[in-house]
S.K.: 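Pasting a structure below so you can have a look.
If you read the sequence from its start, that first residue is 1, and numbering goes on from there.
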Amino acid sequence: MLKKIFITMFIFTLLSVGAQTIEEKPAVTFQVTAEKEIEADKLLLFIKIEKKDKNFKNGSAAVSYLSSKLIDALKKAGLKNDEIVTDKLNSTPDSTWWSSKEYTVTLNIKAIIKNTELIPDVFTAASSIDQAVTVAGFDYDYSGVENVKSELIIAGGETAEKYKQAYEKGYGVKLKIASVNSNDEFGGTGAMMERAVNFKMAASDAQPEFNKLPVKTFRMTFYVKYYIVQ
């Protein structure tokens, strides 16, 4: 029962905004680390369609046509409507001294792949439409992070309680929780976007590194401060 009460206090103190103290008292601070591995559950594929044309309407029409073909191909590959996210059409006027003015028309589409078995077909779809359609990059999504974070907060509270009890027993004092601060680290670098290289190669050559989605370590470090009660 006391253990549950402590963990509740630990979580409440952690979530409180800036756990401030009015007066300084003798205190001790424990550093507690909790971590857990988490596997990515989605591969995010960023596809770009880009056309240059001196006539803006022609360029826009060409991009729209390729977009329709790509979306149809992605659906045939097994993706659902909500797994294909289309950005707004963007155009940039280009002008240089050696050529007359032309427009660069681009459209970005994100393919959300939840089933790794669909990866080969999605790559084939993305690489076989037209030279104007390229895979610009990829990223991973770890949608279970919040659940893992909750688990680590509880684990951190349990470890802090063990440290507290050992300190009280060793020094013959009582400790009262004062504040809890924390920081987290996701695989050391976070879920940074990794740039794809030469995705216009044969789809079969691009598959090996995506056959299994990556596992990263989510780590939380807690700094738990206690007042020493005489």
Side-chain angles (χ1 to χ4, degrees), residues 38-147 186-187 189-216:
I38 179 173
E39 184 177 0
D41 54 2
K42 300 185 186 98
L43 170 64
L44 309 178
L45 206 60
F46 300 95
I47 307 170
K48 181 173 69 173
I49 305 174
E50 182 175 279
K51 275 284 191 182
K52 290 182 179 290
D53 200 295
K54 294 181 180 180
N55 186 299
F56 169 73
K57 289 184 178 180
N58 289 343
S60 298
V63 169
S64 296
Y65 171 73
L66 292 175
S67 171
S68 297
K69 286 190 64 176
L70 174 61
I71 291 174
D72 287 342
L74 292 176
K75 288 180 180 179
K76 289 180 181 178
L79 296 186
K80 301 176 182 178
N81 287 332
D82 61 351
E83 295 171 338
I84 304 171
V85 182
T86 304
D87 203 355
K88 293 181 179 180
L89 194 70
N90 180 56
S91 66
T92 305
D94 295 328
S95 174
T96 59
W97 63 269
W98 65 83
S99 66
S100 57
K101 184 176 181 180
E102 64 179 7
Y103 293 90
T104 300
V105 184
T106 59
L107 180 68
N108 296 307
I109 292 178
K110 179 171 66 176
I112 304 171
I113 309 173
K114 302 175 183 177
N115 181 356
T116 56
E117 293 181 0
L118 299 181
I119 291 175
D121 291 338
V122 171
F123 265 88
T124 298
S127 62
S128 61
I129 301 297
D130 187 272
Q131 289 185 349
V133 181
T134 59
V135 177
F138 63 93
D139 198 359
Y140 302 103
D141 188 42
Y142 298 77
S143 60
V145 168
E146 288 306 314
N147 290 334
F186 193 23
T189 57
M192 300 296 291
M193 177 195 242
E194 302 178 45
R195 285 293 171 185
V197 180
N198 295 327
F199 272 102
K200 292 303 290 184
M201 65 178 72
S204 58
D205 295 333
Q207 303 316 309
E209 62 182 306
F210 297 116
N211 285 340
K212 185 176 181 181
L213 298 183
V215 175
K216 287 192 176 183

S.K.: For a quick test of your reading: what N or O donor-acceptor pairs under 3.5 Å do the side chains of residues 55-67 make, sequence neighbours left out?
M.R.:
residue : atom : partner : partner atom : Å
Asn55   : OD1  : Lys57   : N            : 2.9
Asn55   : OD1  : Asn58   : N            : 3.1
Ser60   : OG   : Phe56   : O            : 3.0
Ser64   : OG   : Ser60   : O            : 2.9

S.K.: Please give me the minimum heavy-atom distance between Glu83 and Gly78, naming the atom from each residue.
M.R.: OE1-O, 4.3 Å
S.K.: Report yes if some heavy atom in the side chain of Asn81 is under 4.5 Å from a heavy atom in the side chain of Lys75; otherwise report no.
M.R.: yes
S.K.: So which atom in Ile47 and which in Ala111 form the shortest heavy-atom distance, rounded to 0.1 Å?
M.R.: CD1-CB, 4.4 Å
S.K.: Output the distance between atom OG1 (Thr106) and atom NZ (Lys88), rounded to the nearest 0.5 Å.
M.R.: 13.5 Å
S.K.: Could you report the tightest heavy-atom contact between Ala126 and Val133, atom names first, then the distance?
M.R.: O-CG1, 3.5 Å
S.K.: About how many Å separate NZ of Lys114 and CG of Leu44, when rounded to the nearest 0.5 Å?
M.R.: 10.5 Å
S.K.: Between atom NZ of Lys48 and atom CG of Leu70, what is the distance when rounded to the nearest 0.5 Å?
M.R.: 14.0 Å
S.K.: Output the distance between atom CD1 (Ile129) and atom OG1 (Thr124), rounded to the nearest 0.5 Å.
M.R.: 10.5 Å
S.K.: Restricting to non-hydrogen atoms, name the atom on Tyr140 and the atom on Ala40 that form the minimum distance, rounded to 0.1 Å.
M.R.: CB-CB, 3.9 Å
S.K.: From Glu50 CD over to Gln131 CD, what is the distance, rounded to the nearest 0.5 angstrom?
M.R.: 13.0 Å
S.K.: Going by the side-chain contact (heavy atoms from CB on, under 4.5 Å) test, name the single residue among Asp87, Ile71, Val85 that passes it with Ile109.
M.R.: Ile71
S.K.: Nearest 0.5 angstrom please: Phe138 CZ to Ile113 CD1, how far?
M.R.: 11.5 Å
S.K.: Would you say Leu213 and Thr116 make side-chain contact, with heavy atoms under 4.5 Å?
M.R.: yes
S.K.: Please report the closest heavy-atom contact between Phe46 and Lys110, naming both atoms and the distance.
M.R.: CE2-CD, 3.6 Å
S.K.: Please give me the minimum heavy-atom distance between Leu79 and Ile112, naming the atom from each residue.
M.R.: CD2-O, 3.6 Å
